[in-house]
Number of protein chains: 2
Amino acid sequence: MNRDSVGPKDGRPVRADAQRNRARILEAAEAVFAEQGASAATDAVAARAGVAIGTVFRHFPTKPDLLKAVVMNLLDRLIGKAEAMVRDQDPNALFAFGALLMEAAASQRAIFARLAETGVQVRVADALERLRPSVDVLLERARDGGAVREDLRSDELIPLLAALCQEAVAAEWDEALRRRALDLLFDGLRRA
Amino acid sequence: MNRDSVGPKDGRPVRADAQRNRARILEAAEAVFAEQGASAATDAVAARAGVAIGTVFRHFPTKPDLLKAVVMNLLDRLIGKAEAMVRDQDPNALFAFGALLMEAAASQRAIFARLAETGVQVRVADALERLRPSVDVLLERARDGGAVREDLRSDELIPLLAALCQEAVAAEWDEALRRRALDLLFDGLRRA
DNA sequence: GAATATAATGAGTACGACTCACTTTGGCAA
DNA sequence: TTGCCAAAGTGAGTCGTACTCATTATATTC
């Protein structure tokens, strides 16, 4: 764990006010984007955070950068849950994880759905890469337990899951369809 | 077939210059967006079409409207191919259609990929709705021929295909992954 | 308690979507 | 043919928003 009280290129500590403002901006952005969608003006975020607009742009040079940071923040919370599932020994945990992932994406629709609308580079697929270590473990265990086909690899599974989550959010699938889509996919992935 | 030489609410014919300009704008837009991405300024489209900016906005009141029209235009070409497959009697035509769809989406990446970046309402899922009649026929035939599970319905299959195409384009899947994803999905959809 | 690098500020700039008062023109009837 | 007029075209101007930068403030270091 590197202390985030030191700058990227090492050297001096990051100033206390800068750390504080960065946190405030992220918090404000999450709230503003959740309320107004990602097309909300950056001024609104600055106002809510109680800083000048220039400060927002110092920390996040472009709007996509800001949105990306917000999403990565949300993702951190998910990772914790995924790691908890790794500790279970259930070979079917992989499927439970897929369901968890999709429900999480759906519940954050307000933010995720708008990401696509504004030229953001954040893709669910990129975000999922961070979950990969956990997925690898879950997949291997499922394979060993005979719960999925032998030839399934995580760099195939992750894009598939990403595709479903992305589209579920973007096209506003209802819960029945989300569940059904996962069932169809996972059913097909089980050992033949 | 209603003549498109008459206006929406019936009444007078649409003026010849209006029809001509609409066609020119669509053609210009397709070229400009393909070259510069959908974030290209509307001025550029107007310039290329040889009309004033106001004329573009008369025909397509918002930029999303313009992008949507371009995509729908592209889709028309696909529909022809789908209908040709319906005329085949092969129960496996459904799978061939899925592959065709994904390759078409991938080849138009320049336009499709940028759609998501600009707040466009055009979703691949919406577009696919127009293909539904053809999909219904293909699916029914596949079911009768025992090529897919009995309980699969087209309003489940279409979103699944849409999800894969959308993500394949957005995340720039390579051909191997596109093929593999379709295989995994279709394999799972076959009769158990 | 200077010195100074780092951060904050916010008026200003750039740019692109969209408007609208005015001009032009295609279709129709006399 | 000719005149009428609604439909269509025009493009300078408005407006909102992402982003800049010269200036000011302040957190750290010695």
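The figures that follow rest on heavy atoms only: side chains count, while hydrogens, waters and symmetry mates do not.
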Could you pull out all residues at least two apart from [X] that satisfy side chain to side chain contact (heavy atoms under 4.5 Å, CB included)?
X        : answer
B/Arg22  : B/His59, B/Phe60
B/Arg153 : B/Asp155, B/Glu156
B/Glu27  : none

**Request:** Give me the residues of residues 40-52 of chain A where at least one heavy atom lies under 4.0 Å from an atom of DNA chain D, by number, or none.
**Result:** A/Ala40, A/Ala41, A/Thr42

**Pairs where residues 46-58 of chain B contributes a residue and the test side chain to side chain donor-acceptor pair (under 3.5 Å) is met, not counting sequence neighbours** = B/Glu35-B/Arg48

**Request:** Any pair with a residue in residues 80-102 of chain A that passes side chain to side chain donor-acceptor pair (under 3.5 Å), sequence neighbours left out, goes on the list, sorted by first then second residue, please.
**Result:** none

**Request:** Under 4.0 Å from any heavy atom of chain A: name the first and the last nucleotide of DNA chain D that qualifies, 5' to 3'.
**Result:** D/dA18 to D/dT29

**Item:** Duplex segments of DNA chain D, taken as runs of at least three Watson-Crick or G-U pairs that stay under 3.5 Å
**Value:** C:1-30 with D:1-30

**Message:** With a cut-off of less than 4.0 Å, is there a side-chain N or O of A/His59 near OP1 or OP2 of C/dA8?
**Reply:** yes

**Message:** Is the phosphate of C/dT9 approached by A/Thr55 (side-chain N or O, under 4.0 Å from OP1 or OP2)?
**Reply:** yes

**Request:** Could I get the full list of side-chain hydrogen bond (donor to acceptor under 3.5 Å, both in side chains) partners for B/Asp174, not counting sequence neighbours?
**Result:** none

Which atoms of nucleotides 19-23 of chain C (N or O only) lie under 3.5 Å from a protein N or O atom, and what are those distances?
none

**Prompt:** In this structure, are over 12 heavy atoms from other groups packed under 6.0 Å from A/Arg179 atom CZ?
**Reply:** no

**Request:** Step by step, work out the side-chain contact (heavy atoms from CB on, under 4.5 Å) result for A/Leu160 and B/Leu164.
**Result:** CA-CA 7 Å; A/Leu160 280 170; B/Leu164 293 203; 3.7 Å; yes

Can [Y] be reached from [X] by stepping across I, L, V, M, F, W or Y side chains whose heavy atoms are under 4.5 Å apart?
X        : Y        : value
B/Phe57  : B/Val14  : no
A/Leu161 : A/Leu152 : yes
A/Met85  : A/Leu94  : yes
B/Met102 : B/Leu100 : yes
A/Leu177 : B/Leu139 : yes

Nearest-Å distance, [atom1] ([X]) to [atom2] ([N])?
X       : N      : atom1 : atom2 : answer
A/Asn21 : C/dG10 : CG    : P     : 12 Å
A/Gln19 : C/dA8  : CD    : C1'   : 16 Å
A/Arg22 : C/dA8  : CZ    : P     : 11 Å

**Message:** Here's a test for you: under side chain to side chain contact (heavy atoms under 4.5 Å, CB included), which of A/Leu185, A/Leu189, A/Leu157 qualifies with B/Leu184?
**Reply:** A/Leu189

**Request:** Would you mind telling me which residue lines up with the more 5' stretch of DNA chain C, B/Thr62 or B/Ala16, judged by nearest nucleotide?
**Result:** B/Thr62

Using atom names, set out every protein N or O paired with an N or O of nucleotides 28-30 of chain C below 3.5 Å, distance rounded to 0.1 Å.
none

**Prompt:** Tell me, do B/Leu101 and B/Leu131 make a side-chain contact under 4.5 Å, heavy atoms counted?
**Reply:** yes

**Contacts of B/Phe95 that satisfy ring pair (Phe, Tyr, Trp, His ring centres under 6.0 Å) - sequence neighbours left out** = B/Phe186

